[in-house]
J.: 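Just passing along the structure, written as structure tokens.
For ligands, and for the atoms within them, numbers begin at 1 and follow the listed sequence. When reading the values below, keep in mind they use all heavy atoms of this one structure, side chains included, and skip hydrogens, waters and symmetry mates.
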Amino acid sequence: MGVQVVDHPLAKSMLTALRDRGTPPPLFRLLTKRLALVLCLEATRTIPTAAVEVDTPLARTTGARLAQPLVAVPVLRAGLGMLEAVTELFPEVTVGYVGLERDHATFEPSMYYSKLPPLQGRAALLLDPMLATGASASAACDALEKAEAQQITLLSVVSAPEGIERLQGLHPQVHIVTASIDDGLNQYAYIVPGLGDFGDRLFGTL
Ligand code: URA
């Protein structure tokens, strides 16, 4: 599948504030949630619906309901900042968690936690705000594919070209929805210009 860059003016202005090193954690959390709402709306534009009849005060008409519940999977810990947006938009969503930490020397991830609800035949929204090397996102997609998710969409705030290339190479079926494709990675595998360490900025652990 492809990469979709959400360039709505509201998304751009919220991303700019997230990038600003002076944005404190409470505002960072609020903006993350609001931006995730926009990303989530875009990511779910084509999810299946079923026809349903409804009586308005004036007439019977045909409307739509969501055909099946989604599964949201935040990657710990930064992905937690995006979860509330999804649960607010889709109250029926089931939620799984994947914990990945990256080795500071090799930048390769190892999974220290995985708790997934049934995924067979379901559409999954993977919440991972920084698509950097693509290693964590790929490892998370491995887990979702092993659990037989039917469709995976990655919601990322900022993506690096390197991460996109790696993820698309390893998981060509995964759809990526992001607010920006940045210039690239620095020697520490941080995204430039990026916004720094997302988890630290979200939780005030700088
Ligand atoms: N993770 C982050 O939080 N920031 C980056 O720039 C890359 C990975």
J.: To which protein heavy atom is atom 8 (C) of ligand 1 closest, and what is the distance rounded to 0.1 Å?
T.: Arg102 NH2, 3.6 Å

J.: Which ligand 1 atoms are under 4.0 Å away from a heavy-atom of Phe198?
T.: 2 (C), 3 (O)

J.: Write out the residue and atom name of the closest protein heavy atom to atom 1 (N) of ligand 1, then the distance separating them to 0.1 Å.
T.: Met130 CB, 3.7 Å

J.: Taking CD in Glu92 as the centre, count heavy atoms belonging to other residues, nucleotides or ligands within less than 6.0 Å. Is the count above 12?
T.: no

J.: Does the side chain of Pro69 reach to within under 4.5 Å of the side chain of Val93, using non-hydrogen atoms?
T.: no

J.: Assess whether a salt bridge exists between Arg201 and Asp20, defined as any Lys/Arg side-chain N lying under 4.0 Å from an Asp/Glu carboxylate O.
T.: no

J.: Taking the basic N atoms (NZ, or NE/NH1/NH2) and the acidic carboxylate oxygens, is any pair closer than 4.0 Å for Lys33 and Glu88?
T.: yes

J.: State the atoms of ligand 1, each with its element, that fall below the 4.0 Å cut-off from a heavy-atom position in Ala132.
T.: 7 (C), 8 (C)

J.: What I want to check is whether the side chains of Ser13 and Thr16 have a donor and an acceptor closer together than 3.5 Å.
T.: no

J.: Which of the numbered atoms in ligand 1 are below 4.0 angstrom from a heavy atom of Gly196?
T.: 2 (C), 3 (O), 4 (N), 5 (C), 6 (O)

J.: Just by distance, with hydrogens left out, do Thr205 and Arg77 show a side-chain donor and acceptor under 3.5 Å apart?
T.: yes

J.: Which atoms of ligand 1 have any heavy atom of Ala189 under 4.0 Å away?
T.: 7 (C)

J.: Among all the protein's non-hydrogen atoms, which is closest to atom 5 (C) of ligand 1, and how far away is it?
T.: Tyr190 CD2, 3.4 Å

J.: Among all protein non-hydrogen atoms, which one is nearest to atom 6 (O) of ligand 1, and what is the separation to 0.1 Å?
T.: Ile191 N, 2.8 Å

